[in-house]
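Take a look at the structure set out below.
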Amino acid sequence: MKSVAVKCLIDLFKLEVLTGEEQLGRLITRSRAHRPGLEFVGYFDFFPMEHVQVLGRKEINYLHKLTEEERNLHVGNIVKYHPPCFIVTSGQEGLKYLMKYCQQEGIPLLRTAEPTTEFITKLDAYLIQSLAPEIAIHGVCVNVSGIGILLRGKSGIGKSETAHTLIHRGHRLVADDVVMLKKLSPHTLLGTHNESTKEFLALRSIGLVNVVRLYGRKAFQEQSRIVLDIELTQWKDQALNNELELTPKFSEYLDVRIPYIEIQLQPGRDVASLIEAAANNWYLKQQGYSAAEEFMKRLQSE
């Protein structure tokens, strides 16, 4: 199971450590932070104890208004579940009672000056991506006019050369050779590089090139949501290559379905232009327009 150490949050978000310095190696295995509300009044049926617990102004103000006995009860009930850490937002003060319980249970208590909503948004985005299920596949990932595309095919088919042509036309490389796919939600697949191949493109007969050094920062993008899976294949003489594709085809990665297109290669075909057309056509479909459906309506109206 993927995990993130509490210390990583401290380094990334510049958090102040109030207590639990010796427990900063505790692991976070669940994305999305939780704000304990019902738990402070004794309702624990659905308490996500493995999540980071964030205490905003509402939670701290509520605790400040309790008697010492009530506070001991409510805070004590939560810390006994040993969440990875507590983070107090908005730079709030008067936390001695929280520090006492966190010290007793060995739970890091951290603080940030950022407002609650802003901090949770950043924290959730980081945890979702860091803890997302991921796989590595052989291929190329490019961003064409803001549309993330996965290019696949057998070794030597021309994936990297096609990516180079697209870059030359103003589009962006995300990853070459090894593409890391991360599942951010049931419908969202993110493509990125594996760090070692970052910014590199392998071109047969030329070797490795650094696209940023060659074409500038606009030629590279750290990551992109994948919305099209395009497979480059050898030309098949007997295949029907002008089908209307009224029934869409899909690929599936990490249980996320992605529209699939096969482009057959033949000398003289401008594959990069076909990929641009596929990207633009996908965009039009998202706007509710389908050229194939319009064509069929015209035929039916004759």
Side-chain angles (χ1 to χ4, degrees), residues 1-134 182-186 190:
M1 179 182 292
K2 298 180 70 175
S3 61
V4 172
V6 171
K7 188 179 186 305
C8 293
L9 301 187
I10 296 170
D11 297 337
L12 180 63
F13 297 107
K14 310 302 180 186
L15 303 177
E16 178 186 1
V17 181
L18 300 179
T19 187
E21 293 87 349
E22 67 286 352
Q23 298 294 331
L24 300 184
R26 290 171 66 94
L27 299 179
I28 303 163
T29 59
R30 301 290 184 182
S31 59
R32 300 192 182 280
H34 175 68
R35 296 181 68 176
L38 291 174
E39 292 78 16
F40 279 138
V41 294
Y43 187 78
F44 287 90
D45 285 5
F46 301 98
F47 180 42
M49 67 186 78
E50 297 173 326
H51 295 241
V52 173
Q53 305 297 312
V54 176
L55 304 176
R57 288 191 180 279
K58 288 190 295 185
E59 291 81 14
I60 296 300
N61 285 340
Y62 171 75
L63 292 176
H64 283 347
K65 292 177 181 178
L66 298 178
T67 65
E68 183 176 355
E69 184 179 353
E70 291 173 328
R71 192 183 298 141
N72 290 342
L73 175 64
H74 296 316
V75 177
N77 282 340
I78 288 183
V79 297
K80 71 181 181 182
Y81 284 94
H82 291 91
C85 65
F86 288 96
I87 302 178
V88 177
T89 59
S90 303
Q92 297 175 87
E93 302 285 347
L95 306 174
K96 287 185 178 180
Y97 58 90
L98 272 175
M99 294 174 64
K100 179 183 73 172
Y101 280 105
C102 287
Q103 285 175 341
Q104 290 176 356
E105 299 294 334
I107 303 172
L109 177 62
L110 316 173
R111 181 165 58 189
T112 177
E114 287 198 66
T116 308
T117 303
E118 292 179 15
F119 176 72
I120 288 180
T121 299
K122 294 178 183 178
L123 177 61
D124 282 353
Y126 170 73
L127 291 177
I128 288 171
Q129 187 162 324
S130 298
L131 301 176
E134 66 179 10
K182 295 186 176 185
K183 180 182 179 180
L184 300 189
S185 78
L190 191 73

Identified side-chain contact (heavy atoms from CB on, under 4.5 Å) counterpart of Val88 within the set Leu109, Val54, Leu110: Leu109
Nearest heavy atoms of Glu114 and Thr89, plus distance in Å: O-CB, 3.5 Å
Residue pair Gln92 / Leu55, side-chain heavy-atom distance below 4.5 Å: no
Distance, nearest 0.5 Å, that separates SG of Cys85 from CG of Leu9: 6.0 Å
Side chain proximity check, Leu98 to Ile60, heavy atoms < 4.5 angstrom: yes
Where Arg30 and Leu127 come nearest, the two heavy atoms and their spacing: O-CD1, 4.2 Å
Nearest-0.5 Å distance that lies between atom CE in Met49 and atom NZ in Lys80: 10.5 Å
Polar side-chain atom of Asp124 near backbone of Ser31 as donor-acceptor pair, under 3.5 Å: no
Shortest non-hydrogen contact between Arg71 and Leu63, atoms and distance: NE-O, 3.0 Å
Min side-chain heavy-atom separation Gln53-Glu39 under 4.5 Å: no
Spatial distance of atom OH (Tyr101) from atom CD1 (Ile78) [nearest 0.5 Å]: 11.5 Å
Thr116 side chain near Glu59 side chain, heavy-atom distance below 4.5 Å: no
Minimum side-chain heavy-atom gap His34-Phe47 below 4.5 Å: yes
Between CG on residue Leu38 and CG on residue Asp45, distance to nearest 0.5 Å: 10.0 Å
Side chain Arg111, main chain Glu16, donor-acceptor under 3.5 Å: no
Main-chain N/O of Pro115 paired with Glu118 side-chain donor or acceptor, under 3.5 Å: no
What side-chain donor-acceptor pairs closer than 3.5 Å can you find for residues 19-26, not counting sequence neighbours?
residue, atom, partner, partner atom, Å
Thr19, OG1, Gln103, NE2, 3.4
Arg26, NE, Pro84, O, 3.1
Arg26, NH2, His82, O, 3.1
Arg26, NH2, Pro83, O, 2.8

Phe119 and Ile87, any side-chain heavy atoms less than 4.5 Å apart: yes
Check: Phe13 and Thr112 side chains under 4.5 Å, non-hydrogen atoms: no
Spacing of Leu190 atom CG and Lys183 atom NZ [to the nearest 0.5 Å]: 14.0 Å
Atom NZ of Lys58 with >12 non-hydrogen neighbours under 6.0 angstrom: no
More than 12 heavy atoms from other groups under 6.0 Å of NZ on Lys7: no
Criterion side chain to side chain contact (heavy atoms under 4.5 Å, CB included) on Phe40 and Leu66, from CA distance to verdict: CA-CA 11 Å; Phe40 279 138; Leu66 298 178; over 6 Å; no
Heavy-atom pair with the smallest gap, counting every atom of Glu105 and Val79: CG-CG2, 3.8 Å
Within-4.5 Å side-chain heavy-atom neighbours: His64 and Tyr97: yes
Closest approach of Ser3 to Thr29 (non-hydrogen atoms, all atoms of both residues): CB-CG2, 3.9 Å
Closest heavy-atom pair and its distance - Ile28, Leu131: O-CD2, 3.8 Å
